[in-house]
Engineer: 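Here's a structure for you.
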Amino acid sequence: MERNVYDVLEERGFLKQCSHPEELRELLSKEKVTFYIGFDPTADSLHIGHYVALMTMAHMQRAGHKPIVLLGNGTAFIGDPSGKTDMRTMMSKETLAYNASCFKAQMARLLDFSDGKAQIVYNGDWLYPLNFLDFMRDIGVYFSVNRMLTAECYKQRMEKGLTFFEMSYMLMQSYDFLELNRRYGCVLQMGGDDQWSNILNGADLIRRKEQKPAFALTTSLLTNSDGKKMGKTEKGAIWLDPNKCSVFDFYQYWRNVDDQDVEKCLSLLTFIPMDEVKRLGALPGEQINEAKRTLAYTITEQVHGEEEAKKAQAAAESLFAGGTDLSNIPTCELSAEEIAQSGLRIPDVLVLSKLASSKSDARRLIEGGGVFIGDRKVESVNESLDPEDISGEGVILRKGKKGYCRIRRA
RNA sequence: GGAUGGGUUCCCGAGCGGCCAAAGGGAGCGGACUGUAAAUCCGUUGUCGCAGACUACGAUGGUUCGAAUCCAUCCCCAUCCA
C-alpha cells in the first residue's frame with residue numbers, strides 16, 4: 001500500500017494509540033475521511049499545548065481529509081477531570097462563547113476553512129437542549145461504571161475525589177462523537193493521549209449504537225525530556241495570542257528549548273521534511289543552535305506570520321549576537337504620568353516593564369546583581385534612569401541574561 | 001446521615017500558644033560556569049520606601065498580653081460505615 005497520512009503522522013511521532021490501526025490506515029488511503037478534534041474554550045486564547053492537535057488536523061487536511069473543529073462550549077461547562085487534580089472552575093455561557101470566537105480566529109492560520117474544507121461546530125448546540133432522562137436512557141446505559149473506574153484518567157482522581165458531575169464528562173464527549181457521526185458522517189476522533197478513554201468510549205458508542213465503524217486515535221502530548229508538559233513558563237502558558245505572550249517571548253521560548261527536545265519539536269510543530277528534521281536534530285554540540293534557530297523562526301512564522309517572525313528573529317540577533325538594530329526589541333513606552341509617578345527609579349521601571357512582578361521582586365533582583373542598564377550593572381536600588389536616556393531610541397533595561405525591555409518615552 | 005483523619009505560602013509537606021513570613025523538598029528567579037542548552041555550585045522566593053510596618057496558615061466569631069497553633073459554628077475534602 002502506498003504511503004498515506006497515517007504513515008506521515010507515524011513518522012513524525014504524532015501517533016500514540018489507535019483503536020484499529022490497520023483498518024484506519026486503509027480507510028485513509030481509500031476515501032476522504034471526516035474527523036474531529038474537540039477543544040474546550042476555557043481561556044481566551046489557544047496555547048502551545050493545543051498546537052500539536054492543530055498540526056495533526058493540518059496534516060490530515062493537506063492529505064485531503066476533512067477536519068471538524070468541535071468547540072466545547074457545552075462540555076467546558078462541566079470541565080474535564082482527566083489529568084487534573086482539581087475541578088475546573090465553572091464558566092458562564094457568555095465567556096465560553098467569547099473564548100470560542102478567539103479560538104476560531106487563531107485556528108484559521110493553520111486550517112483552511114474555505115469552501116467547506118473544514119468546519120467549526122459547537123457541542124452546546126446539542127448538549128444544552130438535552131433532556132437528562134432521555135440522555136441517561138439512550139446513552140447512559142452503554143457505560144459501565146465498573147469499567148470507567150478502571151480507566152487511567154479516573155484512577156488518578158480516585159485519590160483526590162471525583163464527582164458524578166465530572167464523571168459525566170466522558171458520556172458527553174462520547175455523545176459528541178455520536179452526534180457528529182450522525183450529522184456529518186464523522187468517523188474518527190483524534191486528540192491528545194490524555195483523552196484516550198474519552199475518545200475510545202465515543203468510538204465504542206458509535207459502534208454499538210449505530211453498528212458502524214468509528215475510530216479513535218490519540219497523539220503524543222508535547223512533553224520535554226523530563227516528561228513534563230511543555231509550554232509552561234513563569235508567566236504561564238505559551239499563548240498564541242501576541243497580547244498574552246509577545247512574539248519575542250514566543251520566539252525565545254523555542255530558541256531556548258533543551259537540546260534533547262529540538263528534534264521532537266521540529267517534527268511535531270513544523271512542516272519541515274523529516275530528513276531535514278533529523279539532520280538538524282543530530283547536529284553535534286554547539287551547532288545544535290542552528291536547529292533551535294530554525295525551530296524558533298519556523299514556528300513563530302506559522303503562528304504569527306512572516307513579518308512578525310522576522311522582527312522577533314532580528315531582535316534576538318541584536319541582543320544575543322551583537323546586532324545593532326534595536327527597533328524590534330520588546331519595548332515599554334512610558335507615559336508622562338508614569339515617568340512622573342515613578343521618578344524613573346529603577347525598581348519602579350522594572351515593574352512597569354513587567355521584568356519584575358513587584359517592587360520587592362525588583363529590589364531582590366537588583367541586590368542579587370541581575371539588573372543592567374545597557375551593559376552597566378545597576379548597583380543600588382536607589383538608582384534612577386536619566387530622563388535623557390529614555391528619549392529617542394530609549395535604553396535597554398535587562399534582567400538576567402534573557403529578560404530584555406527597551407524603555408522609552410511614549 | 002454516623003465515625004475517624006484533614007484543609008498551611010506557586011506545588012508537595014512540616015509546624016500544633018510566643019523564638020513563624022512559617023522547616024524540608026520541588027519548581028521559579030538571579031549569580032558563576034557555558035552554546036541564549038543541560039548538569040553542577042552559590043544566592044533568592046508575601047507586600048510596602050530598606051529598618052520597621054502591614055497582609056497571610058478553609059470561613060466567621062471567641063478565649064488569651066499574645067493564635068497557623070486552643071474553643072465554637074460553618075464550608076470543603078479523604079477513608080470506613082449506612
Side-chain angles (χ1 to χ4, degrees), chain A residues 81 83-87 89-90 154-166 223-238 248-266 280-297 300 312-323 328-330 341-351 353-372 375 377-384 396-405:
Chain A
K84 304 205 173 52
T85 51
D86 292 309
M87 195 162 92
T89 49
M90 294 183 226
Y154 291 118
K155 263 187 193 161
Q156 294 165 6
R157 288 300 295 276
M158 292 313 285
E159 320 239 320
K160 276 279 182 182
L162 180 68
T163 60
F164 189 78
F165 183 67
E166 294 168 280
T223 52
N224 64 21
S225 46
D226 299 333
K228 288 186 193 134
K229 275 194 192 181
M230 288 187 74
K232 296 281 181 191
T233 68
E234 75 280 6
K235 291 169 194 157
I238 298 293
F248 179 77
D249 286 342
F250 186 88
Y251 178 93
Q252 280 294 294
Y253 182 81
W254 302 108
R255 181 62 247 276
N256 282 310
V257 295
D258 283 14
D259 289 6
Q260 297 173 346
D261 298 325
V262 178
E263 186 170 324
K264 179 165 49 185
C265 289
L266 283 166
L280 287 166
L283 288 172
E286 197 180 333
Q287 290 177 46
I288 192 80
N289 282 317
E290 181 193 336
K292 294 187 189 181
R293 263 191 299 277
T294 303
L295 171 67
Y297 179 78
T300 306
Q313 189 175 48
E317 300 295 326
S318 299
L319 293 170
F320 294 102
N328 296 313
I329 291 167
Q341 273 181 8
S342 66
L344 292 178
R345 285 182 295 274
I346 303 293
D348 295 69
V349 177
L350 282 166
V351 174
S353 64
K354 306 239 169 43
L355 288 174
S357 58
S358 69
K359 287 185 196 174
S360 300
D361 185 30
R363 189 175 292 278
R364 282 191 289 269
L365 283 166
I366 294 168
E367 284 168 353
V371 178
F372 299 81
D375 287 327
K377 186 197 273 191
V378 174
E379 300 290 348
S380 155
V381 296
N382 297 319
E383 282 189 39
S384 296
I396 303 292
L397 189 62
R398 174 157 70 92
K399 180 193 87 159
K401 294 189 183 70
K402 294 171 192 167
Y404 286 95
C405 188

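Throughout, a chain's letter reflects where its sequence line sits, starting with A, and its residues are numbered from 1. Model, not experiment: these values are computed from the prediction.
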Engineer: So A:Glu367, base contact, sugar-phosphate only, or nothing? Heavy-atom distance under 4.0 Å.
Structural biologist: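 Result for A:Glu367 = nothing.
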Engineer: So what stems show up for RNA chain B if we need 3 or more Watson-Crick or G-U pairs in a row, all under 3.5 Å?
Structural biologist: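 So far as stems of 3 or more pairs are concerned, RNA chain B shows B:1-7 with B:75-81, B:10-12 with B:24-26, B:27-32 with B:40-45, B:46-48 with B:52-54, B:58-62 with B:70-74.
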Engineer: Let me know the distance between CD of A:Gln260 and C1' of B:A38, rounded to the nearest Å.
Structural biologist: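 Answer to the nearest Å: 7 Å.
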Engineer: If you restrict it to nitrogen or oxygen atoms, what contacts under 3.5 Å exist between nucleotides 30-33 of chain B and the protein, and what is each distance?
Structural biologist:
{"unit_1": "B:G30", "atom_1": "O2'", "unit_2": "A:Gly368", "atom_2": "O", "d": "3.2"}

Engineer: Does the pair A:Tyr404 and A:Phe320 meet the rule for a ring pair (Phe, Tyr, Trp, His ring centres under 6.0 Å), with working shown?
Structural biologist: CA-CA 11 Å; A:Tyr404 286 95; A:Phe320 294 102; 5.5 Å; yes
Engineer: Using the C1' atom as the point on both nucleotides, what is the distance between B:A21 and B:G46, in whole Å?
Structural biologist: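 One C1' to the other, the span is 7 Å.
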Engineer: Grab the two heavy atoms, one from A:Ser353 and one from A:Leu397, that are nearest each other, plus how far apart they are.
Structural biologist: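 Scanning both residues, the minimum pair turns out to be OG-CD2, 4.2 Å.
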Engineer: Strictly under 3.5 Å: I want the nitrogen or oxygen pairs between protein and nucleotides 46-49 of chain B, one per line.
Structural biologist:
{"unit_1": "B:U47", "atom_1": "OP1", "unit_2": "A:Ser358", "atom_2": "OG", "d": "2.8"}
{"unit_1": "B:U47", "atom_1": "OP2", "unit_2": "A:Arg364", "atom_2": "NH1", "d": "3.4"}
{"unit_1": "B:U47", "atom_1": "OP2", "unit_2": "A:Arg364", "atom_2": "NH2", "d": "3.2"}
{"unit_1": "B:C48", "atom_1": "OP1", "unit_2": "A:Lys359", "atom_2": "N", "d": "3.3"}
{"unit_1": "B:C48", "atom_1": "OP2", "unit_2": "A:Lys359", "atom_2": "N", "d": "3.3"}
{"unit_1": "B:C48", "atom_1": "OP2", "unit_2": "A:Ser360", "atom_2": "N", "d": "2.7"}
{"unit_1": "B:C48", "atom_1": "OP2", "unit_2": "A:Ser360", "atom_2": "OG", "d": "2.7"}
{"unit_1": "B:G49", "atom_1": "OP2", "unit_2": "A:Lys359", "atom_2": "NZ", "d": "3.1"}

Engineer: Taking side chain as C-beta onward, heavy atoms only, is A:Leu280 less than 4.5 Å from A:Glu290?
Structural biologist: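 Yes, side chains in contact.
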Engineer: Rounding to an integer number of Å, can you tell me how far A:Glu286 CD sits from B:G35 C1'?
Structural biologist: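 About 5 Å, once rounded to whole Å.
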Engineer: Mind calculating the distance between CG (A:Asn382) and C1' (B:C50) to the nearest angstrom?
Structural biologist: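 Rounded to the whole Å, the gap is 8 Å.
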Engineer: Would you measure the distance from the C1' atom in B:U73 across to the matching atom in B:U63 and give it in whole Å?
Structural biologist: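 It works out to 15 Å between them.
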Engineer: Please find the pair of heavy atoms, one from A:Ala296 and one from A:Trp254, that lie closest to each other, and give the distance.
Structural biologist: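 Nearest heavy atoms, A:Ala296 then A:Trp254: CA-CB, 3.7 Å.
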Engineer: Taking salt bridge (Lys or Arg N to Asp or Glu O under 4.0 Å) as the test, write out the residues that go with A:Arg364, two or more places apart.
Structural biologist: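 Here no residue qualifies.
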Engineer: Report the distance from atom NZ of A:Lys292 to atom C1' of B:U34, rounded to the nearest whole Å.
Structural biologist: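 Those two atoms, NZ and C1', are 11 Å apart.
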Engineer: Just so I know, are the side chains of A:Arg293 and A:Glu317 near enough to count as touching, which here means a heavy-atom distance under 4.5 Å?
Structural biologist: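 A side-chain contact under 4.5 Å exists here.
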Engineer: With rounding to the closest Å, how many angstrom separate the P atoms on B:U8 and B:G58?
Structural biologist: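 The same atom, P, in both gives a distance of 6 Å.
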Engineer: Are any non-hydrogen side-chain atoms of A:Lys377 and A:Val371 less than 4.5 angstrom apart?
Structural biologist: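 They are not in contact (no side-chain heavy atoms under 4.5 Å apart), so the answer is no.
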Engineer: Roughly how far apart, to the nearest Å, are B:A59 and B:C12 at atom C1'?
Structural biologist: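 Straight-line distance between the two C1' atoms is 24 Å.
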Engineer: Which value, in whole Å, describes the distance between the C1' atoms of nucleotides B:C57 and B:A68?
Structural biologist: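 Their C1' atoms lie roughly 4 Å apart.
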Engineer: Return the set of residues passing side-chain contact (heavy atoms from CB on, under 4.5 Å) with A:Lys401 (not counting sequence neighbours), or none when no residue passes.
Structural biologist: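 In terms of side-chain contact (heavy atoms from CB on, under 4.5 Å), with neighbours along the sequence ignored, A:Lys401 is linked to no residue.
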Engineer: Do A:Arg345 and A:Glu383 come close enough that some side-chain heavy atom pair is under 4.5 Å?
Structural biologist: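 No. Closest side-chain heavy atoms not under 4.5 Å.
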Engineer: Can you tell me the distance, in whole Å, between the CG atom of A:Leu295 and the C1' atom of B:A37?
Structural biologist: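 Whole-Å distance recorded here is 13 Å.
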Engineer: For A:Asp249 and B:C29, what is the distance between atoms CG and P respectively, to the nearest whole Å?
Structural biologist: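 For the pair A:Asp249 CG and B:C29 P, the rounded distance is 12 Å.
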Engineer: List the residues meeting salt bridge (Lys or Arg N to Asp or Glu O under 4.0 Å) with A:Glu263, not counting sequence neighbours, and say none if there are none.
Structural biologist: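 If we apply the salt bridge (Lys or Arg N to Asp or Glu O under 4.0 Å) test to A:Glu263, skipping adjacent residues, there are no hits.
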Engineer: Using the P atom in both, what is the distance from B:U79 to B:C74, to the nearest Å?
Structural biologist: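 Nearest-Å result for B:U79 against B:C74 at atom P: 23 Å.
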Engineer: Please measure how far the P atom in B:G26 lies from the corresponding atom in B:C16, and state the result in whole Å.
Structural biologist: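 Going atom to atom, P in each nucleotide, I get 24 Å.
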Engineer: What integer number of Å spans the C1' atoms of B:U69 and B:G15?
Structural biologist: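 B:U69 and B:G15 have their C1' atoms separated by 8 Å.
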Engineer: Check whether any side-chain heavy atom of A:Leu350 sits under 4.5 Å from a side-chain heavy atom of A:Ile366, and report yes or no.
Structural biologist: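 Touching, per the 4.5 Å side-chain cut-off.
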Engineer: Taking the side chain as every heavy atom from C-beta outward, state whether A:Phe372 and A:Val378 have any pair of such atoms under 4.5 Å apart.
Structural biologist: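 When only atoms from C-beta onward are counted, A:Val378 and A:Phe372 do not touch, as no gap falls below 4.5 Å.
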